[in-house]
Amino acid sequence: MRVLMLSKALVAGTSQRKLEELAKFPDVQLTLVTPPYWQHDNGTRQILEKLYTTGYRMIVTPCPAMGTTTCTTILTWDKSCKRYSQKSYT
């Protein structure tokens with residue numbers, strides 16, 4: 001199963017540990033898309049920390065709504081079922 005995760009929360013290195021665990025499943029191909037930093041409401045920036053990156057691909061790209069929303073979206077593609085699903089969490 002291919003999994004694409006779009007998340008601003010994963011700029012924090014400790015949060016990436018979960019992705020390493022998910023990537024250990026033999027049928028999971030995981031890709032994370034995350035911004036290079038996140039601007040908090042108080043104006044401070046949290047810079048991307050690459051602490052736990054084993055077993056999955058990380059794409060770093062600017063986010064169009066930095067600092068205005070908290071959103072995580074997970075897209076999955078199951079080839080065997082020819083099925084696509086999306087879950088968003090705000």
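Between Leu51 and Thr14 the shortest heavy-atom distance is CD1-N, 4.1 Å. In terms of heavy atoms, Pro36 sits closest to Thr61 at CD-O, 3.5 Å. Among all heavy-atom pairs drawn from Ala12 and Gln46, the shortest one is CB-NE2, 3.2 Å.
Hydrophobic clustering of Ile, Leu, Val, Met, Phe, Trp and Tyr side chains at less than 4.5 Å, counting indirect connections, unites Val60 with Leu19. Each of Tyr52 and Trp38 belongs to its own hydrophobic cluster when Ile, Leu, Val, Met, Phe, Trp and Tyr are linked at side-chain heavy-atom distances under 4.5 angstrom.
Residues that satisfy the side chain to side chain contact (heavy atoms under 4.5 Å, CB included) test with Thr44, not counting sequence neighbours, are His40, Asn42. Scored by the side chain to side chain contact (heavy atoms under 4.5 Å, CB included) test, Thr53 finds Gln16, Lys50, Tyr56, Met58 as partners (sequence neighbours excluded). Residues meeting the side chain to side chain donor-acceptor pair (under 3.5 Å) test with Arg57, sequence neighbours left out: none.
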For residues 21-29, run the donor-acceptor check on the side chains, cut-off 3.5 Å, and write out each pair with its distance to 0.1 Å, sequence neighbours left out.
unit_1 : atom_1 : unit_2 : atom_2 : d
Glu21  : OE2    : Arg17  : NH1    : 3.0
Glu21  : OE2    : Arg17  : NH2    : 3.1
Glu21  : OE2    : Lys24  : NZ     : 3.1
Gln29  : OE1    : Arg2   : NE     : 3.3

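For the pair Thr31 (side chain) and Leu4 (backbone), a donor-acceptor distance under 3.5 Å is absent.
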